[in-house]
Amino acid sequence: MNLHKALMAFGLLLLPLSTMANGLDTPAGPIILTVSGEISVTNTDDKAAFDRRLLAQLPPTTIETSTIWTEGVQTFTGVSLHALLDELDAHGQEIRAHAVNDYMVTIPIEDAKEGGAIVAYLRNGEIMSLRDKGPLWIVYPFDSDQDFRTETIYARSIWQLDRLEVVK
Amino acid sequence: MRFSDGFRTAAFILLLLLALLQIGSMLANILRQIDTLSDARADNQIWTLAQAEVDYRRLTTVLYSADAVDDLTEVRNRFDIFYSRIQTLQESDRYTSFLSRDGFREQFEAIRSYLDAALPYIDGSDTELFRDLPMLASFTRDVEDQVRQLALTGLNDAAIQTQSIRDETRTLLRQLASATMLLIIGLLMVLFVTRIYYRETREASKAIRISRARIATMIETALDGILVTDPDGFLLESNRAAQTMFGLEDAVDDLLHLSGLIRNPEGPESYNNPAASGLVGQGRKLATGLRLDGTEFAAEVSLMQTTTEAQDDIFVAYVRDITARLKAEADLLQARDQAEEGERTKANLLAVMSHEIRTPLNGVIGAADLLEATPLTDKQASYVAAMRTSGDVLMRHINDVLEMSRLDAGSELREPQPLNLRKIVTDTVDSQRAVASRLNTTLKVQVAEDVPHLVAGELQGLQQCLLNLISNAIKFAPSGQVSAEVDLFGKDDLIEFRVSDDGMGIPEDELPKVFDDFFAGDASFARQRQGTGLGLGITQRIVRAMGGEIGAESILGEGSLFWFRVPLPEVSTSQKEMPLRPLPADHMQSFNILLVEDNEINRMITGDMLRNAGHQVTEATDGAQGVATAEAKKFDLILMDISMPGMDGITAARTIRDGKGASQESVIIALTAQVLPPDADEITQAGIQDVLHKPVSSQALIAAITGAVQRADSTTQEPEARPAGRLDPAVLKDVVDNIGLSDLRQHHQEFARDIAPLLESLTSPSTLTENDRSLAHKLSGAAAVLGMCQMHEALARLENTLSDPNSAMDAALAHEIADIWQDTETEFLTFLSDSVPKTP
């Protein structure tokens, strides 16, 4: 039992080292997210491009919350903005998020924190289509805190996301 | 109806709480509303709705511009984005209100219908989609108005909503303002009330401070030391007086214990444990104060216990330094003792002076007496009479003063004797009849029927009081009437004597002063009556000495009443009454008298007085000569001066009594010029029957002689009256009554044991010693007490015989004693066994 836990811990310690050592894999499938700007880890030119598989390899976070745009409590699964930027060793002050529908919003880097926003790729366990606000949706845990139920946060909750730009 | 402070406060607090609750709920409501306003759930509906039109326009643009299969991806994307937007409007509850609105709903339904209809084309194959693109574009254009309407409706609605929000905000702000207002008013009220309470509290605390300051001042300025201790007796506080008293200034107070400051000199209670000492609340107690420097002082301590809220059972000790008071008391006592000493010295001086004045005065009066008896011319006789009168007056004055000092010196009255009251009163009145008749005053006597025949009292004192009052009354009622009355007072054996006259009376303001010394009414009267004014003072002293009281009543011009009451208990008639000192007698017996007196003048005068009274007188000039004369010849009576050079009168009298001379049994009367006579016991032991104080008038001298000889006669008859047996039953009964039978038996056994050696010695009388004499003396006394009357008498004779070195021991007496003892013992044992209570 203890041995199992110890091995797990050891494995977890090794995991980031291995990815760091290997850098970011090159995406094989269709690219659904491109991160550019002040990042150190890249895989395509000076950008980090993710297909669905690459995103799913990052540590996943699940949020259960209702939103003002959907009916009932939804389960969102994705990578937290914090983990994503960590992975890419980002050093910016804010993130410019762009949507397929030409929507753009600036998110301060402070929102990329533990228990904060995630870049969701699953809604209720299913892939989100473009028709269904997919493929990516930045979701905050609205139900967990009054502070997440503000106009500003709603504006930052960008759906049909396809690009992130980390700026100084 | 007045509410209590507590109720008022509680009501106020309740009211305040209600108001706060109200304000609180209002604020909560406002906050909720603010929440609602700030909550972005409202979203920017306008933007979303407007964005729907933008998405729609992009879609149509793409639809019309697409001219290759490659453009289809963009067509699909744009459709999906528009679809997603409309889907959002449908799913989000934000837009429920729009959707439910008339008009809007139809337009929205039309858009939905379009999307549903377009889906198969979009989701179809690229070929089909590309083929049907123009048709799809046409479809799409058909809902242009509806999409436009959607955006406009959203705009209008937003305007209305904004207005409503503005109104809500205004209401909210108004409510907030009122709530704030209410809160301020509430706070002001709280402030007001708090201020009132603060003022009240400040007043109260000020009052307390003042009261405390007063008490503190009272305590601080108290002359008594005040010590306050905790329940265990350790000092908590002390005032300045206590600090000064005990020298506490530099001491650490809380280490001091009460017992280190106060000690209880008397009794077992101590201040070690105040609660259990038994000294609490006992009032002032004498104590010893202990100063810190080790010195002590006399103190008075009052220990109290107090219960306070802060601490129960504290003790408060009030301490007073009474050193000065004790010293003052001691000084006072000393002053009193000195004053008394002075008084005694004065009395002694008077006593000594008496001898020095009275002896020569006696000579003068006596010489005048004798001169009167010689043939004189009328002129000479009147001179002698004047001389005699003056001498008598002077003598009376001196006697009064001396009597006074004698009474003041505390000479005790003699033992009460059985007295015939009627005879005393009658005789006393009779003795004054001559004087009364000269003044033409009538005398009356009345003794009440129920006055006892015989009472126990002091003869001389009673006679003197009656005489003083009666002679006084006669003086003040010339040609009037004087009555002497005797009544039972009816309480405590008191008998009341009243002497009344119908004379001039005494003014009311002088009445309280009549018993004062040297009081004699007005001065002219005093001169007229020739009195020292001591008579009533003397009478009062005697009455008081007898345990009685005296008083006077008077009406000016109608007469006076003097009364005194003395306790005179009745005695049984079986007791012998005291023979009266004979008052002036007409017929005198003739006695053969030996006069022993060293003072030549006194000897001559007294001798002549006796001879004038018809007695035969033999004179002796000192004690030794007196004894020798008495031994040689038998006298009926011997007059013996007490103070004589060489052998004094008492020694001489004793020598005569102890001797075997002819006058051994004669009556002896002592003469003394000393006010304070020698010890009564000494006189009795010397065998002296009576004492006369010099100077003696011929009347007093003759009366004393007659009385003494008469008593002596009756004494000689006494043996005949004695019981015939060996024992005196009256004495025995008295003893049994007083000490009980068992003690009597024990005394008898002791007596029998003690007499045995004496009886043994008596078998050879020639060997009797001084020890035997003293044994005989002791046994004689014991026999008298035990009622062995014959034994007592026989042993007394034996003692006398042995005391006289000249007399030989008589063998017959030894035999007689042995016989008497045998009979006495038999009778005594019979008496004892008879007295034992018979058990049935």
Side-chain angles (χ1 to χ4, degrees), chain A residues 30-33 65-76 97-105 107 111 117 120-121 123-124 126-163, chain B residues 31-32 34-59 61-62 72-97 99 112 115-116 118-123 158 161-162 165:
Chain A
I31 291 166
I32 57 168
L33 178 65
T65 186
S66 55
T67 76
I68 58 168
W69 309 277
T70 54
E71 278 184 54
V73 176
Q74 312 287 316
T75 305
F76 296 98
H98 298 264
V100 182
N101 60 9
D102 301 330
Y103 181 74
M104 195 279 281
V105 72
I107 299 168
D111 279 10
Y121 44 78
R123 176 177 163 197
N124 294 330
E126 285 175 15
I127 290 170
M128 291 179 282
S129 66
L130 190 61
R131 225 174 274 173
D132 204 15
K133 299 188 173 62
L136 298 174
W137 188 358
I138 288 185
V139 176
Y140 287 78
F142 307 104
D143 288 354
S144 74
D145 200 325
Q146 170 82 41
D147 289 347
F148 291 131
R149 295 194 291 272
T150 66
E151 202 82 47
T152 321
I153 295 297
Y154 290 146
R156 288 176 191 161
S157 302
I158 180 170
W159 62 72
Q160 294 168 338
L161 173 77
D162 69 341
R163 276 183 295 135
Chain B
L31 284 174
R32 205 161 42 244
I34 288 170
D35 255 10
T36 315
L37 285 178
S38 69
D39 198 337
R41 279 167 166 263
D43 201 7
N44 36 9
Q45 293 160 356
I46 309 161
W47 191 85
T48 305
L49 290 170
Q51 200 59 37
E53 197 188 355
V54 170
D55 291 343
Y56 171 77
R57 296 283 171 212
R58 285 223 173 106
L59 176 59
T61 308
V62 167
L72 289 181
T73 307
E74 185 62 11
V75 168
R76 284 195 174 100
N77 277 352
R78 284 296 154 196
F79 178 85
D80 283 354
I81 287 166
F82 181 60
Y83 184 95
S84 172
R85 184 78 64 194
I86 297 303
Q87 190 72 15
T88 302
L89 289 179
Q90 191 176 5
E91 278 182 17
S92 173
D93 53 1
R94 281 311 87 187
Y95 307 95
T96 317
S97 57
L99 295 179
R112 282 271 358 151
L115 286 177
D116 289 344
L119 265 183
Y121 297 99
I122 298 293
D123 291 347
Q161 203 176 5
T162 308
I165 285 168

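A note on names: the letters A, B, ... follow the listed sequences, proteins ahead of strands, and every chain is numbered from 1. Please read these numbers as outputs of a predicted model, since none were measured by experiment.
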Student: Please look at B/Leu115 and chain A and tell me whether the side chain, the backbone, both or neither of the residue comes under 4.5 angstrom of a heavy atom of that chain.
Tutor: neither
Student: What is the distance from atom CD of B/Glu91 to atom OG1 of A/Thr67, rounded to the nearest 0.5 Å?
Tutor: 8.5 Å
Student: Looking at every non-hydrogen atom in both residues, tell me the closest pair between A/Trp159 and B/Arg85 and how far apart they are.
Tutor: CZ2-NH1, 3.8 Å
Student: Out of the candidates A/Val100, A/Leu130, A/Asn101, only one should pair with B/Asp80 under the side-chain contact (heavy atoms from CB on, under 4.5 Å) rule; please name it.
Tutor: A/Leu130
Student: About how many Å separate CD1 of B/Ile81 and NZ of A/Lys133, when rounded to the nearest 0.5 Å?
Tutor: 12.5 Å
Student: The criterion is salt bridge (Lys or Arg N to Asp or Glu O under 4.0 Å); which residues satisfy it with B/Glu74, sequence neighbours excluded?
Tutor: B/Arg78
Student: Side chain, backbone, both or neither: which part of A/Phe142 has a non-hydrogen atom closer than 4.5 Å to chain B?
Tutor: neither
Student: Measure B/Ile122 against the heavy atoms of chain A and call it side chain, backbone, both or neither at under 4.5 Å.
Tutor: side chain
